[in-house]
Visitor: 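Right, I'll just put the structure down here and ask away after.
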Amino acid sequence: MPELPEVEVVRSGLEKWVAGRTVESVEVLHSRATRRHGEGPADFAARLTGQRLEVPRRRGKYLWLPFGGDAALLAHLGMSGQLLVGDAELPSDQPVDPAQLKHLRVRLRFADGGGDLRFVDQRTFGHLMVDDLVPDAFAEGLTVPEAIKHIAPDPLEDAFDGEAFFRRLRAKHTGIKRALLDQSLISGVGNIYADEALWRAKLHWARRTEALTRAETTAVIDAVREVMAEALRAGGTSFDSLYVNVNGESGYFDRSLNVYGRADQPCNRCGTPIRRDPFMNRSAYSCPVCQPRPRHGHY
DNA sequence: CTTCGTTCCTGTACGC
DNA sequence: TGCGTACAGGAACGAA
């Protein structure tokens with residue numbers, strides 16, 4: 001599941017293999033992949049064809065390749081999306097690997113005849129769209145695709161404002177994990193990094209946002225940055241010229257996770273079995289001792 | 001207005 | 001063996 005570090009690995013791969021190249025043709029093989037492009041797959045293809053893609057940018061889990069001065073190809077990988085670059089030695093007119101073919105959703109070919117760009121997505125939660133760039137409400141001088149203007153800066157951006165985050169957090173009436181997953185408050189954090197960061201900061205996922213102290217908030221943000229930086233280092237090493245990213249499950253998931261997916265296994269700090277709670281139709285993992293559950297009426 | 005539950009989708013893992 | 005069900009999960013959407 002791509003969260004910020006995985007998306008950044010993809011972004012840097014696109015910078016290396018796709019930036020500066022001109023789109024010759026676009027095939028949309030599954031219309032759901034462009035469902036967020038309001039004018040339909042044909043318009044998506046038409047707007048992209050002939051355009052020279054520029055250096056890709058990223059905010060949170062979104063990435064986009066600007067073109068033509070005021071537009072961009074915007075991508076979200078969802079749960080299972082991959083952007084893969086074909087082998088330059090394999091002509092683009094050859095069929096792709098049959099194992100990929102099943103979930104190939106969109107294919108871009110380039111005027112230089114080199115490796116094509118494939119959007120492969122098993123569970124189809126990801127999407128591509130062409131969108132106009134608008135001034136960023138969070139940082140002067142930046143532009144962002146219109147469709148994601150509500151997405152807050154991620155904690156690795158200069159534009160991330162810790163003081164504003166604290167103010168907005170305190171104004172909310174919800175649990176800290178819900179807030180971390182709210183991309184309009186802080187972006188790039190998904191279920192895995194939320195649990196990992198809360199474990200590092202020794203905070204329970206249900207702690208009320210309106211009662212968090214400045215120190216606790218700082219600790220969470222620092223923890224998010226740490227765990228993301230570590231993941232980025234791990235993800236950055238497993239890179240292959242055939243692919244923009246290697247398959248999302250290798251490398252990254254072997255990384256040391258302290259709580260995520262470790263139900264009933266000993267906490268790496270205190271040895272207490274990690275607990276799994278149902279949370280928003282999925283799971284929240286925590287250490288019952290390091291992250292004491294807030295008592296009703298308190299915190 | 002804010003908050004929260006539901007929904008989209010497919011493949012894997014498991015219990016009976 | 002085979003069937004049914006739970007689970008994985010980002011974020012748009014609608015209900016309360």
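Note on naming: letters A, B, ... go to the chains in the order of the sequence lines (proteins, then strands), and numbering restarts at 1 for each one.
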Visitor: Taking only the side-chain nitrogens and oxygens of Lys102(A), find out if one of them lies under 4.0 Å from OP1 or OP2 of dT10(B).
Guide: no
Visitor: Counting any heavy atom closer than 4.0 Å, what does Tyr62(A) reach on the DNA or RNA strands: base, sugar-phosphate only, or nothing?
Guide: sugar-phosphate
Visitor: Assign Arg35(A) to base, sugar-phosphate, or nothing according to its heavy-atom contacts below 4.0 angstrom with the strands shown.
Guide: nothing
Visitor: Find the distance His103(A):NE2 to dT12(B):C1' and express it as a whole number of Å.
Guide: 12 Å
Visitor: Measure from CG on Leu185(A) to P on dC4(B) and round the result to the nearest Å.
Guide: 13 Å
Visitor: Between Gly175(A) and Arg32(A), who's closer to the 5' end of DNA chain B by nearest nucleotide?
Guide: Gly175(A)
Visitor: Give the rounded distance in Å between these two atoms: CG of Leu169(A) and C1' of dT2(B).
Guide: 15 Å
Visitor: Side-chain N or O of Gln122(A) versus OP1/OP2 of dT10(B): is the shortest distance under 4.0 Å?
Guide: no
Visitor: Does a side-chain N or O of Thr174(A) approach OP1 or OP2 of dT2(B) to a distance below 4.0 Å, or not?
Guide: no
Visitor: Cluster question for you: counting only ILVMFWY and a side-chain heavy-atom cut-off of under 4.5 Å, with indirect links fine, are Phe44(A) and Leu65(A) together?
Guide: yes
Visitor: If you look at every strand shown and take non-hydrogen atoms under 4.0 Å, does Ser80(A) touch a base, only sugar-phosphate, or nothing?
Guide: nothing
Visitor: Could you see if Phe67(A) belongs to whatever hydrophobic cluster contains Val85(A)? Use Ile, Leu, Val, Met, Phe, Trp, Tyr and a side-chain cutoff under 4.5 Å.
Guide: yes
Visitor: Applying the 4.5 Å side-chain criterion to the ILVMFWY set and letting contacts propagate, would Tyr285(A) and Trp199(A) be lumped into a single cluster?
Guide: yes
Visitor: Could you state the atom-to-atom distance from CZ of Phe279(A) to P of dG10(C) in whole Å?
Guide: 10 Å
Visitor: Any salt bridge linking Glu196(A) with Arg200(A)? Criterion: basic side-chain nitrogen under 4.0 Å from a carboxylate oxygen.
Guide: no
Visitor: Got a donor-acceptor pair under 3.5 Å from the side chain of Arg123(A) to the base of dA8(C)?
Guide: yes
Visitor: So which one's nearest nucleotide on DNA chain B is more toward 5', His173(A) or Asn281(A)?
Guide: His173(A)
Visitor: Using a cut-off of 4.0 Å on non-hydrogen atoms, how would the nucleic acid contact of His150(A) be classed: base, sugar-phosphate, or nothing?
Guide: sugar-phosphate
Visitor: With respect to the phosphate group of dA8(C), does any side-chain polar atom (N or O) of Tyr285(A) fall under 4.0 Å of OP1 or OP2?
Guide: yes
Visitor: For dT2(B), take OP1 and OP2 only and decide whether either is under 4.0 Å from a side-chain N or O of Lys172(A).
Guide: no
Visitor: Report the distance from atom CG of Asp121(A) to atom P of dT10(B), rounded to the nearest whole Å.
Guide: 10 Å
Visitor: Quick one: which of dA11(C), dA8(C), dC9(B) gets closest to the side chain of Lys61(A)?
Guide: dA11(C)
Visitor: Whole Å only: how far is the CZ atom of Arg282(A) from the P atom of dC4(B)?
Guide: 15 Å
Visitor: OP1 or OP2 of dA11(C) less than 4.0 angstrom from a side-chain nitrogen or oxygen of His76(A), does that happen here?
Guide: yes
Visitor: Could you state the atom-to-atom distance from CZ of Arg178(A) to P of dT2(B) in whole Å?
Guide: 15 Å
Visitor: Specify the separation, in whole Å, of atom CG of Asp182(A) and atom P of dG5(B).
Guide: 15 Å
Visitor: With Arg105(A) as the cation and Phe119(A) as the aromatic partner, state whether NZ or CZ is under 6.0 Å from the six-membered ring centre and within 45° of the axis.
Guide: no
Visitor: Table please: side-chain donor-acceptor pairs of residues 131-140 of chain A below 3.5 Å, with sequence neighbours left out.
Guide:
from      : atom 1 : to        : atom 2 : distance (Å)
Asp131(A) : OD2    : Glu146(A) : N      : 3.0
Asp131(A) : OD2    : Ala147(A) : N      : 2.6
Asp132(A) : OD1    : Arg47(A)  : NH2    : 3.1
Asp136(A) : OD1    : Arg59(A)  : NH1    : 3.0
Asp136(A) : OD1    : Phe138(A) : N      : 3.0
Asp136(A) : OD2    : Arg59(A)  : NH1    : 3.3
Asp136(A) : OD2    : Arg59(A)  : NH2    : 2.8
Asp136(A) : OD2    : Ala139(A) : N      : 3.3

